[in-house]
Amino acid sequence: MQVEVKVFTVNKRFPLTISRGTTAQTTNVWVKISQDGVEGWGEASPFGVGNHAQKTEQIKDAIAQVIPLLTTFSPLQRQQVEQLLIQQQIPSAARAAVDMAMHDWLGKFVGLPLWQIWGCDRNLIVPTSVTIGINSPEGARERARDWLNYLDVRLFKVKLGSPDGIDADQQMLLAVQQEAPNLEFFVDANGGWSLPDAIKMCHWLADLGVKYVEQPLARGQEESLAALKQESPLPIFVDESCFTSVDIPHLANYVDGINIKLMKSGGLTEALRMVHTARAYGLQVMFGCYSDSSLANTAAAQLAPLADYLDLDSHLNLIDDPFMGALVVEGKVLPNDLPGLGVQYSAFAA
């Protein structure tokens, strides 16, 4: 197979602030593979999680480095390619882009969308949450209004873990709830709380009807999750603490669910493996995203029928998404009927 790598920059309609910083623009990597007249697409987006940060140039260079090796494989040899890239210590986001492109190629080759190849039922897809980043109470209220005016919103995910402390978190969440009193809320602290603050916030959030808390403690503090689970009246999900299926057995007794992201997992192959592993341990599953365009989020949407929760909203906050794919219907990100990922160029394509 032939492999081509490009970069493209996307800009957010509204910058997103989490406990680790603010993002307004990202430069992502677009991978195209081709064989037998069929072309498959994949995307890698940079992200930062402590020592596991993956930057655009690092991702692009890693893929370019292994192109001579990849050309000896067929797109049908996904698992062999996956093992090769792991052996070469290729960053997970780079592996995700290659794996995604190979899946896209397969679907186009046989003329079927991936969700259909996997036997998934689109009727099982739940609405996606949309994200409100850390802000002042009035800023968060305004951001909620923006989402409500732009989209048929069913769920809000509110980013907490403010550097100003849990009092600021509480004021912000109350402001958002006042703006949208009839919606359900999830909370993601992105590891921004201490254990005492997490215990306090879980009780406070439960009284407000919040559905779950995601990544209350920082990656590296997993040993404290046991103490938090004993105290928390809310389900606890982990994101930064769980990259692949290998992490799940070590977390299973201390959490209620995991957030699967293609950039962390290394692609759809491992994401599906994570779903099965999580279910085997009785855990719930959600799919999330980083600063992904419609390309990567449409790929994740192919597995959406297998999830309890979805947070695939990053492409909805872009003003210049070069792709179009999954549709948003009644708050749900639904993969279409086109073969493969079902992704095409959008009006913003260069």
Rounded to the nearest 0.5 Å, how far does NZ of Lys261 lie from CG of Leu312? 10.5 Å
Would you mind listing every salt bridge (charged side-chain N to carboxylate O under 4.0 Å, His left out) that reaches into residues 122-138, with sequence neighbours excluded? Arg122-Asp337, Glu138-Arg141, Glu138-Arg145
Can you confirm whether Glu142 sits close enough to Glu179 that some side-chain heavy atom of one is under 4.5 Å from a side-chain heavy atom of the other? no
Hey, could you give me each pair passing salt bridge (charged side-chain N to carboxylate O under 4.0 Å, His left out) that has a residue in residues 160-170? Not counting sequence neighbours. none
Residue pairs, two or more places apart or on separate chains, that pass salt bridge (charged side-chain N to carboxylate O under 4.0 Å, His left out) and touch residues 274-284: Arg279-Asp308
Side chain Asn336, main chain Gly325, donor-acceptor under 3.5 Å: yes
Are any side-chain N or O atoms of Asp104 and backbone N or O atoms of Gly42, one a donor and one an acceptor, separated by less than 3.5 Å? no
Strictly distance-based, threshold 3.5 Å: is any side-chain N or O of Trp118 a donor or acceptor partner for the main-chain N or O of Leu303? no
Please tabulate, for the side chains in residues 83-95, all donor-acceptor contacts under 3.5 angstrom to protein atoms that are two or more places apart in sequence or on a different chain.
| from | atom 1 | to | atom 2 | distance (Å) |
| --- | --- | --- | --- | --- |
| Ser92 | OG | Gln54 | NE2 | 2.8 |
| Ser92 | OG | Met263 | O | 2.6 |
| Arg95 | NH1 | Ile90 | O | 2.9 |

Would you tabulate the side-chain donor-acceptor contacts of residues 65-73 under 3.5 Å, counting partners in other chains and residues two or more places apart, or write 'none'?
| from | atom 1 | to | atom 2 | distance (Å) |
| --- | --- | --- | --- | --- |
| Thr71 | OG1 | Pro68 | O | 2.8 |
| Thr72 | OG1 | Leu69 | O | 2.7 |

Does a side-chain N-to-carboxylate-O contact under 4.0 Å join Arg273 and Glu270? yes
Run the side chain to side chain donor-acceptor pair (under 3.5 Å) test against Thr269 and tell me which residues pass, sequence neighbours left out. Asp99
Less than 4.5 Å apart, any side-chain heavy atom of Asp247 and any of Val238? no
Does the side chain of Phe323 reach to within under 4.5 Å of the side chain of His315, using non-hydrogen atoms? no
Residue set satisfying side-chain contact (heavy atoms from CB on, under 4.5 Å) with Glu330, at least two apart, ordered chain then number -> Asp152, Arg154
For the CG atom of Asp313 and the NZ atom of Lys157, what is their distance to the nearest 0.5 Å? 8.0 Å
Side chains of Asn28 and Ser291: donor-acceptor distance under 3.5 Å anywhere? no
Sort and list the pairs that fulfil side-chain hydrogen bond (donor to acceptor under 3.5 Å, both in side chains) and have at least one residue in residues 226-236, not counting sequence neighbours. Lys229-Asp256
Taken in chain and number order and not counting sequence neighbours, the residues that satisfy ring-ring contact (aromatic ring centres under 6.0 Å, His included) with Trp147 are none
How would you list, by chain and number, every residue that makes a side-chain contact (heavy atoms from CB on, under 4.5 Å) with Val329, sequence neighbours excluded? Leu327, Leu334
Rounded distance [0.5 Å steps], NE2 in His103 versus CD1 in Ile33: 10.5 Å
Is the count of non-hydrogen atoms from other residues, nucleotides or ligands lying under 6.0 Å from Lys32 atom NZ greater than 12? yes
May I ask you to check whether over 12 heavy atoms, not counting those of Phe14, lie within 6.0 Å of atom CZ? yes
Say whether Tyr281 and Val246 are linked into one hydrophobic cluster, either directly or through other cluster members, by side-chain heavy-atom distances under 4.5 angstrom. no
Cluster partners of Tyr309, using ILVMFWY side-chain heavy atoms under 4.5 angstrom, listed by chain and number? Leu155, Phe186, Tyr212, Phe237, Met286
For Trp41 and Glu39, which I'm curious about, is there any donor-acceptor pair between the side chains at under 3.5 Å? yes
Return yes if a side-chain donor-acceptor contact under 3.5 Å exists between Gln215 and Asp239, otherwise no. no
Taking side-chain contact (heavy atoms from CB on, under 4.5 Å) as the definition, give me every residue that meets it alongside Thr298, ordered by chain and number, with sequence neighbours left out. Ser294, Gln302, Ala326, Val343
